[in-house]
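Comments concern the structure below.
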Amino acid sequence: MDYNKLAELLFPQIDKTPEDYEAIYPPRANAESGAVITRLGPSPTGFIHLGNLYGAFVDERLAHQSKAADGTPGTFYLRIEDTDDKRYVEGAVDTIINSLKFFGISFDEGAGCGAPGCATDGAPGEDGTPTDAGDYGPYYQSQRGPIYQAFVKSLVSQGKAYPCFLTEEELNDIRAQQEAAKETTGIYGKYAEKSRNLSYEEIEENIKAGKPYVIRLKSKGNAIDPANCCMENGATCKGSSGNVTYQNRDGVMYIIVNDAIRGEVAMPCNDQDVVILKATGIPTYHFAHVIDDHLMRTTHVVRGEEWLMSLPIHVELFEALRFKMPTYCHTAVLMKLDDESGNKRKLSKRKDPELSLDYYRNEGYHPQAVKEYLLTILNSNFEEWRMANPDADIDEFRFTTEKMSSAGALFDLNKLNDVSKDVLLKIPAEELADFMVDWAKEFKPKAAEAMSDKEYLTKILDIGRHDAKPRKDLIYAKQIFDFISYFYDEYFVIEERIPEQVSDEDAKEILKRYLETYDHSDDQSQWFEKIRTITADLGYAVKPKDYKKHPDEYKGSVAHVSTVIRIAVMGRSQSPDVWTIQQILGEEKVRARISELIG
RNA sequence: GGUCCUAUGGUCAAGCGGUUAAGACACCGCCCUUUCACGGCGGUAACCCGGGUUCGAUUCCCGGUAGGAUCACCA
């Protein structure tokens, strides 16, 4: 078989060679001297979830905390993996960029990153989508067809790949047969022979007949010769961290890959003649990954654990193409405890609203809090670091893949809330006020109206935050609004009953006397002194301990008296310091609310 | 089913041949306190099972078990 002739038959329109593309996309200067190049490769389904954020965060940190010899940081770029045309959703790229930007993650390069001057290609459509930026584009896989095909052509001309005309029915039959015989499914070994052994004439005939076909990799399978591949000509599989070795285990050839998160991972070599180019001329993920990450000069591939099992395919592809392998970082899957089974399971799009990034925006979690929480499950030593450096910027933390857990972490809302309390405490009240209003405008418009007085809102949010032991009761916007809603008349309601120690008559009397003696200009101790007086006059204990010790001698204590006032002014029995609240509320409102209750 | 990954309290996790097996969250109790929150102190609670290796295994090896991942012209 003349493979060159076959390649020409299959790809007559392709005139560029791999060498041409190597020249168009030269190695990156920063990566050459140690900087890390990472990428996010989402498919444009429009759904971006916590797992994406988790991965993106790893990518971003890895790239941006690395530096080349001259101090230039690494590069983090966005590549859209839209080889599956069925899944494209309009506006998805904007959604991805904006969602991540909300969490403080931005790209240096790639799809939709439109920095002026350096764009080498445009985003699809003339609909005003931002243009792409960078010298390694196109950044949409759907636009890279000729590039992939040039490499496939080269593979075919070397006899490393071949066309396959198997129909869907034939494929199904083979699978059924394999399943019945309890064999591994797929096209490999003897199942591949039929297509592998097609003569040039047969192929030509099929093509003339218009039969659809795919291009498959001619896998070396177990027959791969370790002495004669990776180790040879230093620039192939033997990657930057020297991370693939072969090992014969009882006649089965294994690859051992050094994963930056998991350490050494051993798997049998690939023996499947996987599809690399679909009938449409578009590559499969496997092929696109290998070509793109090589040509775009990615140094670290961060992706979910679900890709681990296809690593042997990628290794063989890198080998066949003589590319240097990147360092792989296979992250653990985010898990959740299933309510029904009690088992850990992958967070699911359908069942778990907290998987969606929108959930956090809806509830009004601050992006910093989510980020901080993510880091606590991402790197086991982060919490320790945070305790030692409570005020340091999160980016000062030295993130390492070694400290990442390889087991799936359970998502813990409690922990998020706890982290959030501390994060919000460090954000100035004024900024928090803006955050609240922005959130409300989007999710609770009426509340946004209520909170329109920013000065007032700022004072409210700042209550008790500057003491030696500051309050930490602000967690997320929805919760915060519930927490402070009584400051706004339109949301003020009496939610609780007066304590049972206080009779209705006493309650009225307490409020009456409170109102009579109320002086808005009293300082806190003058104000409380008056409450003590009322307390004693009506037969309640001024010291709660006295009541506790001698419950028979008093009706109740100053705590109960205070609660009555609390309910009158706040509508609830639990709140921060009453005096402070009244100062913010203003005399008019205080008097009005109490009068209202006395009737 | 094949292959791979993982296995320390309810959760996240230190540990990397000898420890009273850290810490954080949650939970419970006490203290502080006019309520709540914060804070302080204390408490309940863990090395999946069975074999080896070793003077000694949570730690190393093998086997089970359990959970997860994956077996497409989807990524």
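Below, chains carry the letters A, B, ... as their sequence lines are ordered, and counting in each starts from 1. Small disclaimer: the values here were computed from a predicted structure and weren't measured.
- For A/Glu496 and A/Arg572, the salt-bridge test fails: no basic side-chain N is under 4.0 Å from an acidic carboxylate O.
- Regarding A/Glu383, its CD atom lies at a distance of 9 Å from the P atom of B/A24, rounded to whole Å.
- Here B/C38 presents its C1' atom at 15 Å from NE2 of A/His466, a figure rounded to the nearest Å.
- In this structure, A/Arg303 places its CZ atom 16 Å from P of B/C5, rounding to the nearest Å.
- Considering only side-chain N and O atoms, A/Ser575 lies nowhere under 4.0 angstrom from the phosphate OP1 or OP2 of B/U35.
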Write out a two-atom table: protein N or O, nucleotide N or O from nucleotides 43-48 of chain B, distance below 3.5 Å.
none

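- Distances shorter than 4.0 Å separate none of the side-chain N or O atoms of A/Lys415 from OP1 or OP2 on B/A26.
- Seen from the ring of A/Tyr254, A/Arg249 counts as a face-on cation partner, given the 6.0 Å and 45° thresholds.
- Between the CZ atom of A/Arg262 and the P atom of B/A7 there is a distance of 10 Å, given to the nearest Å.
- The gap from the P atom of B/G50 to that of B/U59 amounts to 12 Å, rounded to the nearest Å.
- Residue-level contact check: A/Phe287 touches neither bases nor backbone, having no heavy atom under 4.0 Å from any strand.
- Side-chain N/O atoms of A/Thr185 include one lying less than 4.0 angstrom from OP1 or OP2 on B/A72.
- The nearest whole Å value for the distance from the CG atom in A/Leu217 to the C1' atom in B/A72 is 16 Å.
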Check the pair A/Trp307, A/Tyr328 against ring-ring contact (aromatic ring centres under 6.0 Å, His included), reporting the backbone distance first and the verdict last. CA-CA 10 Å; A/Trp307 291 111; A/Tyr328 284 99; over 10 Å; no

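- Between A/Lys472 and A/Asp418, no side-chain nitrogen of the basic residue sits less than 4.0 Å from a carboxylate oxygen of the acidic one, so the salt-bridge criterion is not met.
- Taking the side chain of A/Arg216 as heavy atoms from C-beta on, and the options B/C36, B/C5, B/C73, the nearest nucleotide is B/C73.
- Taking atom CD1 on A/Ile261 and atom P on B/A69, their separation rounds to 17 Å, with Å as the unit.
- Remark: A/Arg471 engages A/Asp473 in a salt bridge, criterion side-chain N to carboxylate O under 4.0 Å.
- A salt bridge does not link A/Arg386 with A/Glu383: none of the charged nitrogens is closer than 4.0 Å to a carboxylate oxygen.
- To the nearest whole angstrom, the two P atoms, one in B/U65 and one in B/C49, are 15 Å apart.
- The residue A/Ala288 sits apart from the nucleic acid: no heavy atom pair falls under 4.0 Å.
- A/His314 and A/His286 have tilted rings, their planes meeting at an angle from 30° to 60° on a 0 to 90° scale.
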Given A/Tyr540 and A/Tyr547, is the ring-ring contact (aromatic ring centres under 6.0 Å, His included) satisfied, shown in steps? CA-CA 8 Å; A/Tyr540 292 77; A/Tyr547 172 64; 8.4 Å; no

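- Between B/A75 and A/Thr83, a contact under 4.0 Å exists linking OP1 or OP2 to a side-chain N or O.
- For A/Ser380, counting side-chain heavy atoms from C-beta on, the closest listed nucleotide (B/C12, B/U35, B/A14) is B/A14.
- For B/C4, one of the phosphate oxygens OP1 or OP2 lies less than 4.0 angstrom from a side-chain nitrogen or oxygen of A/Tyr254.
- For the pair A/Ile463 CD1 and B/C36 P, the computed distance is 17 Å after rounding to whole Å.
- When all heavy atoms of A/Glu316 and A/Lys218 are compared, the pair lying nearest together is OE2-O, 4.3 Å.
- A salt bridge links A/Arg513 and A/Asp537; the closest N-O separation between the charged side-chain nitrogens and carboxylate oxygens is under 4.0 Å.
- Using a 4.0 Å heavy-atom criterion, one finds that A/Thr184 contacts no nucleic acid atom at all.
- Figure legend: cation-pi geometry between A/Arg593 and A/Phe492, with NZ or CZ positioned under 6.0 Å from the six-membered ring centre and within 45° of its axis.
- A salt bridge links A/Arg196 with A/Asp273: the closest approach of a Lys/Arg side-chain nitrogen to an acidic carboxylate oxygen falls below 4.0 angstrom.
- Among the nucleotides B/U11, B/C12, B/A75, the one closest to any side-chain atom of A/Asp412 is B/U11.
- The shortest side-chain heavy-atom distance between A/Gln582 and A/Tyr518 falls under the 4.5 Å cut-off.
- In this structure, A/Leu166 reaches the bases: a heavy-atom distance under 4.0 Å links it to at least one base atom across the strands shown.
- Among B/U70, B/A72, B/C73, the nucleotide with an atom closest to any side-chain atom of A/Glu306 is B/U70.
- Nearest-nucleotide assignment on RNA chain B puts the 5′-proximal partner with A/Glu384, out of A/Glu384 and A/Pro212.
- Between B/C38 and B/A22, the two C1' atoms lie 25 Å apart (nearest whole Å).
- For the pair A/Glu402 and A/Arg262, the salt-bridge criterion is not met [side-chain N within less than 4.0 Å of a carboxylate O].
- B/A72 and B/G67 have their P atoms separated by 23 Å, with the value rounded to a whole Å.
- Both A/Asp473 and A/Val265 lie close to RNA chain B; mapped to their nearest nucleotides by heavy-atom distance, the more 5′-ward contact belongs to A/Val265.
- When the P atom is used for both B/G15 and B/G23, the distance is 15 Å, rounded to whole Å.
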Enumerate the protein-to-nucleotides 31-34 of chain B contacts in which both atoms are nitrogen or oxygen and the separation is below 3.5 Å.
| residue | atom | partner | partner atom | Å |
| --- | --- | --- | --- | --- |
| B/C32 | OP1 | A/Lys545 | NZ | 3.0 |
| B/U34 | O2 | A/Ser562 | OG | 3.1 |
| B/U34 | O2 | A/Arg566 | NH1 | 3.3 |
| B/U34 | O4 | A/Asp577 | OD1 | 3.3 |

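- Side-chain atoms of A/Ile377 lie closest to B/C12 of the nucleotides B/C4, B/C12, B/U35.
- Between B/C73, B/A69, B/C38, one nucleotide has an atom nearer to the side chain of A/Met309 than all others, and that is B/A69.
- Remark: C1' of B/G2 and CD of A/Glu179 are 12 Å apart, rounded to the nearest angstrom.
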Dot-bracket notation for RNA chain B is requested: 5' to 3', Watson-Crick or G-U wobble pairs only, both distances under 3.5 Å, with ( ), [ ], | and . as defined. ((((((((.[[[..)..(....]]].(((((.......)))))....[[[[[..)....]]]]])))))))....

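- To the nearest whole angstrom, the two C1' atoms, one in B/G63 and one in B/C28, are 42 Å apart.
- Residue A/Lys278 places at least one side-chain N or O closer than 4.0 Å to OP1 or OP2 of B/C74.
- Among the candidates A/Val542, A/Ile565, A/Val578, the single residue satisfying the side chain to side chain contact (heavy atoms under 4.5 Å, CB included) test with A/Ile531 is A/Ile565.
- Taking the P atoms as reference points, B/U58 lies 25 Å from B/G43, given to the whole Å.
- Taking atom P in both B/A7 and B/C32, one finds a spacing of 45 Å when rounded to whole Å.
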